[in-house]
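Along the sequence shown, residues are numbered consecutively beginning with 1. Whatever order the structure lists them in is the order used to number ligands and atoms, beginning at 1.
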Amino acid sequence: MRDSDLIAAARDARTFARAEFSKFKVGAALETADGTIVTGCNIENVTRGLTMCAERVAMFKALSEGHRAFRRIAVAVNAKAPVPPCGPCRQILWEFGGDLEVILANLRRETGRHRLSDLLPQPFDAQLLK
Ligand code: THU
């Protein structure tokens, strides 16, 4: 799958965002090891505190559908500056996705590209419980 397909899927998912409070819509597209794309958008609610980011929606959807191995995630926003995943999303993506490639984009172009291990150095994960 081309990078542009994954980014396009993230942009499409963004249109479903429930961002009535922040007005900041985010879309994510997670590529599984078998090439399936699972998308997510951010979902806010009136308590604010129960907000779920687009990246975690995508990952939780994928896990709940039985996917277990992942390659890349694209995140799309309407902003000039690159918008990388927040701390809690980095943790969840790391635990369930491993060292994913993270592709950042806005509505016009790619804005950044990282390995998750660069965004989350020295992670806390299950290895440390052994
Ligand atoms: N948000 C995401 O969905 N993903 C990110 O990577 C950054 C932040 C959402 C959470 C909230 O709904 C809105 O963007 C503003 O923080």
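- A heavy-atom distance below 4.5 Å is found between the side chains of L63 and R68.
- Less than 4.0 angstrom separates some heavy atom of V26 from each of these atoms of ligand 1: 1 (N), 2 (C), 3 (O), 4 (N), 9 (C), 14 (O).
- Considering only non-hydrogen protein atoms, atom 7 (C) of ligand 1 sits nearest to V83 CG1, 4.3 Å.
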Practice prompt. For the pair S22 and E44, evaluate side-chain hydrogen bond (donor to acceptor under 3.5 Å, both in side chains) and give the outcome as yes or no after the intermediate values.
Written response: CA-CA 8 Å; S22 73; E44 300 176 354; 2.5 Å; yes
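- When hydrogens are left out, the protein atom nearest atom 16 (O) of ligand 1 is F24 CD2, 4.8 Å; that is the closest non-hydrogen contact.
- Here R115 does not pair with D118 in a salt bridge; the nearest charged N to carboxylate O distance is not below 4.0 Å.
- Ligand 1 lies within reach of P84, whose nearest heavy atom is under 4.0 Å from it.
- Looking at E55 next to ligand 1, an N or O pair under 3.5 Å apart turns up.
- The one candidate from P84, C89, P88 that meets the side-chain contact (heavy atoms from CB on, under 4.5 Å) condition with E55 is C89.
- Of all protein heavy atoms, the one lying nearest to atom 8 (C) of ligand 1 is C53 SG, 4.1 Å.
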Item to complete: Check step by step if side-chain hydrogen bond (donor to acceptor under 3.5 Å, both in side chains) holds for N106 and T111.
Response: CA-CA 7 Å; N106 61 27; T111 54; 5.5 Å; no
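- Counting heavy atoms under 4.0 Å from ligand 1, residue S22 touches it through the side chain alone.
- A salt bridge is absent between R71 and E101: the closest approach of a Lys/Arg side-chain nitrogen to an acidic carboxylate oxygen does not fall below 4.0 angstrom.
- Taking every heavy atom of P85 and a limit of under 4.0 angstrom, the matching atoms of ligand 1 come to 6 (O).
- Around atom CZ of R18, no more than 12 heavy atoms belonging to other residues, nucleotides or ligands sit under 6.0 Å away.
- In terms of N/O distances under 3.5 Å, ligand 1 is approached by A54.
- Against a heavy-atom cut-off of under 4.0 Å, T51 is close to the following atoms of ligand 1: 10 (C), 11 (C), 12 (O).
- A single hydrophobic cluster is seen to contain both I73 and F70, as judged by linkage of ILVMFWY side chains at heavy-atom distances under 4.5 Å, directly or through other members.
- Residue-ligand proximity: C89 is placed with every non-hydrogen atom at 4.0 Å or more from ligand 1.
- Residue-to-ligand polar distances place N42 within reach of ligand 1: an N/O pair is separated by less than 3.5 Å.
- Between the side chain of T36 and the main chain of T32, no donor-acceptor pair closer than 3.5 Å is present.
- In this structure, atom 14 (O) of ligand 1 is in close contact with the protein, since a protein heavy atom lies within 4.0 Å of it.
- Nearest non-hydrogen protein atom to atom 12 (O) of ligand 1 is E44 OE2, 2.5 Å.
- Contact between V75 and ligand 1 is absent, with no heavy atom of the residue lying under 4.0 Å from the ligand.
- Note on V102 and L30: same hydrophobic cluster, where clusters join Ile, Leu, Val, Met, Phe, Trp and Tyr whose side-chain heavy atoms are under 4.5 Å apart, directly or indirectly.
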